[in-house]
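Take a look at the structure set out below.
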Amino acid sequence: MLRATIEALLTHAKYGRSKLVLEAYQRLSCFNFNPNNYVFVSVIKACTSEGIYEHGSLIHSQVVECGYESDVFVASSLINFYFKSGGLKDGHKVFDGIKKPDIVIWNAMIAGYAEHGHVQSALELFHQWQENDFMPNISSWNSVIRACALSNLNEDALWYFNQMMQEGYLPEDITFATVLSACTSLRAQNQGKFLHVSLLEKGLASDVFLGNTLINLYAKCGNFKQANVVFDRLPERDCVTWNALISGHSLHGNCTEALKLFHDMQKSGYHPDLVTWNALLTGQVQHGHAEEALQLFEAMEGQGPKPDTVTFLNVLKACSSMASLKKGKLFHTYMLESVTIIDLSVCNALIDMYAKCGSLEDACSVFVALPKRDAVTWNSMIAANFKHNQNMKAFAYLKDMQLEGFQPDEVTFLCVLSAYRQESAIDPSALQFICTHMAGGISLSQEQYSSIVDLLGSKGFLQAAGKMLTKEFMKDDLQAWASLLRHCKMFGNVHLGRQCFDHIQSLDDQYTTCYELMSALYTDMGMWEDAHQIRSMQSCAEGCKKSFM
DNA sequence: ATAGGGTTAG
């Protein structure tokens, strides 16, 4: 009986049936018996995949009682368990208790760090360990590549993969899956094709899992010809196979094709799941077919799976783009009736929807009722108020946002900017905000900077605009400098205008516009001699160019 | 029999 139960436990473990493993272990505890290390490994793995922290700690103490705490296999599964269930400290404790950690333990640590987004620690461990003359195995490489991929360092993931290949390691199926998914994020189709060839050589291209990954890559890159080739050659398909293709078409706006596949999939005997429906919805909403999206949602209500947050976000976006307050309100009521708690992201979308459908009042009611807010919530309220020409209120929200400990981000900033671009005069507090946050941590692109310089200049805030151009990455932006010079001419600021002119000229003495603007500025101010001097500089520069040719 | 690790919707 004891033997049979152990056998059963191990068999369940082999097929990943974690609940049954735990049940068998429960039955074992009736016998007076000390489990061996293999039973412990199986049970700890089961706890890991079930995510039950308390039970895992209990097993840990039994491991210690039975004297298995330094068994590398038991220890590594414990490390894995603690890292996965959030107990970083406990994972380290197990690690520290091992006198001579071997490769299995090291790999578990690398994978654990990766899981927690601590790429740096994972990489440090990997490199440190190589310096001490340890040879990584394929699992170590898999973990390092995955560590990069999990933290969105996809280029690094590819770099480690290439390094691994150069050092002569043979990639496994999982290696391919991880690297292919990094290629997908990068839309790196050519790297992907190279991997595809290797898969064909190894006979792995007909594996469903890898086939799905390949289809996903090609479809995301818009290469439907290749995606279909892989699809057609797959001897076995599943729901994910269809979803990968459908979501690719949705992403690229081929909504009709996505719908056709949706029907084909059912004809072939596959049931569309939540992912399928959401992929279809997203495609319609992102490509401006709000009406169709709402019809789709209705169909989903009738025959599809229970909608979730993604569904809600899509439907709300459809209502916003139709600017239909009536539809939006109806849907809000529907959500209140169908779920107990509405996700914060959905509430933020509700605020946005109400503002876009013309009801600042309803947007406020949603906001007031929120038990918790995030930066997106605040940005939505700020945008809502600006949209309804409540600039002072918008600034009040901005202040409250900071009081609650949220720093204005790029979105906040652009929101303030676009609101003030339409105004004839800028409120001094807005200007103060813009300037304060230029010095702060908001990272804007060069184009955004340029447009701010242009905005500030056009309203006569020439000094503030000039200060922005002192940023290192703005030094070479001739367009931005010329824009400030143009505004200096408009507002008659000779001093700053001349600084702009000198800067532009030092970068490109063939930039004709700057000579014209500067001499016009001098002329406006009655400084004829200076105007004349600029014109001779211009003909000199043009002369130099001619003699050069 | 003993590590670790993969795909689809926002």
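Values in this document were obtained by computation on a predicted structure and should not be read as measured data. First the proteins, then the strands, lettered A, B, ... as listed; each starts at 1.
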### Query
What are the residues of residues 106-114 of chain A, sorted by number, that bring a heavy atom to within less than 4.0 Å of DNA chain B?
A:N107, A:A111

### Query
How is A:L9 classified with respect to the nucleic acid when contacts are heavy atoms under 4.0 Å: base, sugar-phosphate, or nothing?
nothing

### Summary
So side chain to side chain donor-acceptor pair (under 3.5 Å) across residues 11-21 of chain A, not counting sequence neighbours, yields A:H12-A:R17, A:S18-A:S49, A:S18-A:E50

### Query
A:V275 side chain: which of B:dT2, B:dG6, B:dA9 is closest?
B:dA9

## Note on the structure
Residue pairs meeting salt bridge (charged side-chain N to carboxylate O under 4.0 Å, His left out), one or both in residues 321-343 of chain A, sequence neighbours left out, come to A:K329-A:D362

### Message
Let's see if you can work this out: which of B:dA9, B:dA3, B:dG5 has an atom nearest to the side-chain heavy atoms of A:I174?
### Response
B:dG5

### Under 3.5 Å donor-acceptor pair, A:N142 side-chain atoms to B:dA3 base atoms
no

### Task
Return the value, rounded to whole Å, for the distance between atom CZ of A:R146 and atom P of B:dG5.
6 Å

### Query
What are the residues of residues 201-224 of chain A, sorted by number, that bring a heavy atom to within less than 4.0 Å of DNA chain B?
A:D207, A:F209, A:L210, A:N212, A:T213, A:N216, A:K220

### ring pair (Phe, Tyr, Trp, His ring centres under 6.0 Å) involving A:Y38 - partner list, sequence neighbours excluded
none

### Query
Who are the ring pair (Phe, Tyr, Trp, His ring centres under 6.0 Å) partners of A:H271, not counting sequence neighbours?
none

### Task
Look at the side-chain N and O atoms of A:K84 and state whether any lies under 4.0 Å from the OP1 or OP2 oxygen of B:dG5.
yes

### Query
Angle class for the A:W141/A:Y160 ring planes (parallel below 30°, perpendicular above 60°, tilted otherwise)?
tilted

### Between P of B:dG10 and CZ of A:F297, the distance in whole Å
17 Å

### Query
A:Y38 stacking on B:dT2: centroids under 5.5 Å, ring planes under 30°?
no

### Query
How close or far is atom P of B:dA1 from atom CD1 of A:I44, stated in whole angstroms?
21 Å

### Message
In this structure, how many angstroms lie between the C1' atom of B:dA9 and the CG atom of A:L281, rounded?
### Response
9 Å

### Message
Which residues pass the ring pair (Phe, Tyr, Trp, His ring centres under 6.0 Å) test with A:Y354, not counting sequence neighbours?
### Response
A:H332

### Query
Can you check the A:D308 CG to B:dA9 P distance for me, whole Å?
13 Å

### Message
The criterion is ring pair (Phe, Tyr, Trp, His ring centres under 6.0 Å); which residues satisfy it with A:W277, sequence neighbours excluded?
### Response
A:F262

### Task
Any pair with a residue in residues 280-290 of chain A that passes side chain to side chain donor-acceptor pair (under 3.5 Å), sequence neighbours left out, goes on the list, sorted by first then second residue, please.
A:T282-A:N314, A:Q286-A:K317

#### Entry: Which nucleotide in B:dA1, B:dG5, B:dT2 has an atom nearest any side-chain atom of A:V41
B:dT2

## Note on the structure
Picking from B:dG10, B:dA3, B:dT8, the nucleotide nearest the side-chain atoms of A:K45 would be B:dA3

#### Entry: Test side-chain contact (heavy atoms from CB on, under 4.5 Å) applied to A:E172 - qualifying residues, sequence neighbours left out
A:I138, A:N142, A:T175

### Query
Can you check the A:N137 CG to B:dT2 C1' distance for me, whole Å?
15 Å

### Query
What nucleic acid atoms does A:S42 come within less than 4.0 Å of, heavy atoms only: base, sugar-phosphate, or nothing?
nothing

### Message
For A:H92 together with A:Y113, are the ring centres under 6.0 Å from each other?
### Response
yes

### Task
Determine which pairs satisfy side chain to side chain donor-acceptor pair (under 3.5 Å) with at least one residue from residues 176-191 of chain A, sequence neighbours left out, and list them in order.
A:Q189-A:N223

### Query
Just how far, in rounded Å, is P of B:dT2 from CD of A:E7?
15 Å

#### Entry: Strand-adjacent residues in residues 282-293 of chain A, judged by heavy atoms under 4.0 Å from DNA chain B
A:T282

### Query
Relative to each other, are the rings of A:H196 and A:Y218 parallel, tilted or perpendicular (30° and 60° limits)?
tilted

#### Entry: Length of the line joining A:W277:CH2 and B:dA9:C1', which is rounded to integer Å
14 Å

